[in-house]
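Please read all numbers here as calculations on a predicted model, not as lab measurements. Convention: sequence-line order gives letters A, B, ...; per-chain numbering from 1.
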Amino acid sequence: MRLSRFFLPVLKETPSDAEIISHQLMLRAGMIRQQSAGIYTWLPLGWKVLQKIEQIVREEQNRAGAVEMLMPTLQSADLWRESGRYDDYGQEMLRITDRKKRDMLYGPTNEEMITDIFRSYCRSYKDVPKLLYHIQWKFRDEIRPRFGVMRGREFLMKDTYSFDTDEAAARKSYNRMFIAYLNTFTRLGLKAVPMRADTGPIGGDLSHEFIVLAETGESEVFCHADLVEMGAPGASVDFDGDLQPLVDQRTALYAATEEMHDPAAFAAVPKHRQLSARGIEVGHIFNFGTKYSEPMKANLTHPDGQDRPVHMGSYGVGVSRLFGAIIEAHHDEKGCIWPDSVAPFDLGIINMRAGDGACDSACDGAYASLVAAGLDPLYDDTDNRAGAKFATADLIGLPYQLVVGPRGLKEGKVEVKIRRSGETHELSLEDAVARLAAKDFANG
RNA sequence: CGGGGCGUAGCGCAGCCUGGUAGCGCAUCUGGUUUGGGACCAGAGGGUCGCAAGUUCGAAUCUUGCCGCCCCGACCA
């Protein structure tokens, strides 16, 4: 993409109503635009990143055996009356009336709808296990939206729902999501630690929040430092095998958010391994048994001929929130520093002197070669000054910059800059293109 | 919802206290000089001062009401 054709409204100054760094950078880099409190337009650059995040979430769900579908944003109030949540949900639920005066709502979540879908097709224990998910926009009319996209009213969420015969089987579904989440967040360049979450009136031990550690996190968290360094199981995991040992390994050590914190248990962690930090919740997995299946009569006929409510769980990932979380974890004073996996473009090509024959032809050639190699470069072909181009490239955080200027070209050299480390490599145009195409700079 | 704050040009702000027909920086446009880390000079355009009432000869400025947005708290992916 040529920058002259792209739509990239960057701001030199920080808008005054953005408090946290991710919000400020998203506005300055022309990634989002606020349309109303907690409601944002995703401008082209932000939309590209959001789609990349979404795709990684999707791939890891699929790998874990979940099946994608898409439920609507608008729901009928009837289903919610059936579960009893229509009145319970309160002001957070955006209620709408259609022309026939039917009560509708903009879905804040989809337990009722998926339960309804499941019960209308599945009757037998032979129909489970099932893991169904969708990635859809949700709306929660928060009392106070804040932190930009991290706490919006409209947000993109991946939610998976599991259906199993009983508690033991449900745990296996739970474990799949647990491991899938670890892999997902690692691919997004995040260190996420699973922490025991409050299970509320349901009880049991099957609820975890996945917390990304970031200095600007909204809540305080406490955990054993080993958990942070443990890393993800990776793509080689056999999701059909026994995942319990992998889960146990990560739930044995102490980890808790403020609400669940137990100072005495934390004190038992070796002193030098005690980690207290700030965190952002990016995922929440929850087994809720028959909470919805019972009132909504989603029953399975078991081998003994008896009908029993299906055991369910739900597994959420805040996709749009992850956007903010990634910036919180990856930025410096100049701007964003995207992990390669979600960068809006694979690299930037900076033509230091647009209009200069040598620079133009070198850049055009490099651009064509890199595109041919399957990369997606952003080619700054504008006639701005060098400084402005560098500032923009650093702000939007492309991982690599190919800098082509008249001075270097005279020596037959161009420059490749690694955004994260700031280090630069001077080399020939051919070498630069070849190494970029081979992703040779990814490991330093 | 409790507490605090802010709405003045696209963005960031001053002016308001002490009423007198709106200003600065950036951005934009034109011309020229420039060109390796957000250039310089000269000129130009752009504002129902959030909205509505009220006080006054006169309101961005004072009063009241409403709307919008932000921050802290309680709540949440």
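- Within the nucleic acid shown, Pro406(A) comes within 4.0 Å of at least one base atom, counting heavy atoms only.
- No engagement by Gly335(A) is indicated, since no non-hydrogen atom pair under 4.0 Å with the nucleic acid exists.
- Residue contacts for Asp383(A): at a heavy-atom cut-off of 4.0 Å it reaches no nucleic acid atom on any strand shown.
- Sorted by first and then second residue, the side-chain hydrogen bond (donor to acceptor under 3.5 Å, both in side chains) pairs involving residues 402-416 of chain A (not counting sequence neighbours) form an empty list.
- Here C69(B) presents its C1' atom at 13 Å from CD1 of Ile39(A), a figure rounded to the nearest Å.
- With hydrogens and angles left out, the side chain of Arg28(A) and the base of G38(B) share a donor-acceptor pair within 3.5 Å.
- Applying the 4.0 Å criterion to OP1 and OP2 of C72(B), one finds that Arg144(A) has a side-chain N or O inside that range.
- Regarding contacts with the backbone of C75(B), every side-chain N or O of Gln91(A) stays at 4.0 angstrom or more from both OP1 and OP2.
- Nucleotides G45(B) and U28(B) are separated by 9 Å at their C1' atoms, to the nearest Å.
- Taking side-chain N and O atoms only, Arg385(A) has a distance below 4.0 Å to OP1 or OP2 of A39(B).
- Only the C1' atoms considered, G7(B) is 14 Å distant from C66(B), to the nearest whole Å.
- Within the 4.0 angstrom heavy-atom criterion, no nucleotide atom of any strand lies near Gly316(A).
- Atom CD of Glu142(A) and atom C1' of C69(B) are 17 Å apart (whole Å).
- Distance check on atom P: C26(B) versus A42(B) gives 12 Å, rounded to whole Å.
- Across the P atoms, G23(B) and C49(B) are found 14 Å apart, a figure rounded to whole Å.
- Look at CD on Glu19(A): it is 12 Å from C1' on G5(B), rounded to the nearest Å.
- A pairwise comparison of heavy atoms in Tyr254(A) and Met260(A) identifies OH-O, 4.2 Å as the closest pair.
- Spacing between atom CD of Gln24(A) and atom C1' of C11(B) amounts to 14 Å, rounded to whole angstrom units.
- Rounded to the nearest Å, the gap between the C1' atom of G4(B) and that of A77(B) is 28 Å.
- Annotation: of the two residues near RNA chain B, Thr424(A) and Ala37(A), the 5′-most nearest-nucleotide partner is Thr424(A).
- With 3.5 Å as the limit, one finds no donor-acceptor pair spanning the side chains of Tyr106(A) and Asp141(A).
- Using a 4.0 Å heavy-atom criterion, one finds that Lys417(A) contacts the bases of the nucleic acid, with or without backbone contacts as well.
- Glu209(A) comes within 4.0 angstrom of nothing in the nucleic acid, heavy atoms only.
- The partner of C6(B) is G68(B), by the rule that a Watson-Crick or G-U pair needs both atom distances under 3.5 Å.
- Checking U35(B), A77(B), C69(B) against every side-chain atom of Ser36(A), the shortest atom distance belongs to C69(B).
- G37(B) is unpaired under the criterion used here, namely a Watson-Crick or G-U wobble arrangement in which both key atom distances are under 3.5 Å.
- Atom P of G25(B) sits at a distance of 35 Å from the matching atom of G68(B), rounded to the whole Å.
- Centroid-to-centroid, the aromatic rings of Phe266(A) and His261(A) come within less than 6.0 Å.
- Phe178(A) has its ring centre less than 6.0 Å from the ring centre of His208(A).
- Of all nucleotides present, none satisfies the Watson-Crick or G-U wobble test against C75(B) with each distance under 3.5 Å.
- Phosphate proximity of C75(B) to Arg151(A): absent, as no side-chain N or O sits under 4.0 Å from OP1 or OP2.
- Atom CG in Asn384(A) sits about 12 Å away from atom C1' in A39(B), given to the nearest Å.
- Phosphate contact (OP1/OP2 of C6(B), side-chain N/O of Ser16(A), threshold under 4.0 Å): absent.
- Comparing A77(B), A74(B), C69(B) by their nearest atom to the side chain of Asp17(A) picks out C69(B).
- Along RNA chain B, the nucleotide nearest to Thr392(A) and the one nearest to Glu154(A) differ in position, and the one closer to the 5' end is contacted by Thr392(A).
- The separation between Tyr89(A) atom OH and C76(B) atom P is 10 Å, rounded to whole Å.
- Nucleotides C72(B) and G54(B) place their P atoms 39 Å apart, quoted to the nearest Å.
- When both distances must be under 3.5 Å, the Watson-Crick or G-U wobble mate of A22(B) does not exist.
- Side chains of Glu68(A) and Asn62(A): no donor on one and acceptor on the other come within 3.5 Å.
- Nucleotide A59(B): unpaired (no Watson-Crick or G-U wobble partner with both distances less than 3.5 Å).
- Residues Met26(A) and Phe323(A) are in side-chain contact: their nearest non-hydrogen atoms beyond the backbone lie under 4.5 Å apart.
- For Lys334(A), taking side-chain heavy atoms from C-beta onward, the closest of the listed nucleotides G37(B), G38(B), A77(B) is G37(B).
- Out of G12(B), C69(B), A77(B), the shortest distance to the side chain of Pro15(A) is found at G12(B).
- For the pair Glu111(A) and Ser314(A), the tightest heavy-atom approach, listed with the atom from each and the gap, is OE2-OG, 3.3 Å.
- Note on Lys138(A) versus Asp159(A): salt bridge recorded, some NZ/NE/NH1/NH2 to OD/OE distance being below 4.0 Å.
- Ranking C76(B), G36(B), G12(B) by closeness to the Val403(A) side chain, first place goes to G36(B).
- Across every non-hydrogen atom of Ala192(A) and Phe185(A), the tightest pair is CB-CD1, 3.6 Å.
- Across all strands, Val319(A) comes closer than 4.0 Å to no nucleic acid atom at all (heavy-atom distances).
- A salt bridge is defined here as a Lys NZ or Arg NE, NH1 or NH2 lying under 4.0 Å from an Asp or Glu carboxylate O, and Asp164(A) with Arg171(A) fails to meet this definition.
- Within a 6.0 Å sphere centred on CD of Gln91(A), other residues, nucleotides and ligands contribute 12 heavy atoms or fewer.
- Using a 4.0 Å cut-off, no side-chain N or O of Arg153(A) falls inside it from OP1 or OP2 of C76(B).
- Summarising the geometry, the separation between CG on Asp141(A) and P on C75(B) is reported as 18 Å, rounded to the nearest angstrom.
- Counting to the nearest Å, the P atom of A77(B) and the CZ atom of Phe147(A) are 15 Å from each other.
- Among the heavy atoms of the strands lying under 4.0 Å from Ala391(A) is at least one base atom, whether or not backbone atoms are also near.
- In the set C76(B), G37(B), C71(B), G37(B) carries the atom at the smallest distance from any side-chain atom of Ala386(A).
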Nucleotide-resolved protein contact map, nucleotides 26-32 of chain B, B/S/- at heavy-atom distance under 4.0 Å: SS-----
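- Remark: the separation of the P atoms in G20(B) and C11(B) is 26 Å, to the nearest Å.
- U28(B): Watson-Crick or G-U partner is A44(B), with both key distances under 3.5 Å.
- Stacking of Phe390(A) onto the six-membered ring of G36(B) is not present when judged by under 5.5 angstrom between centres and under 30° between planes.
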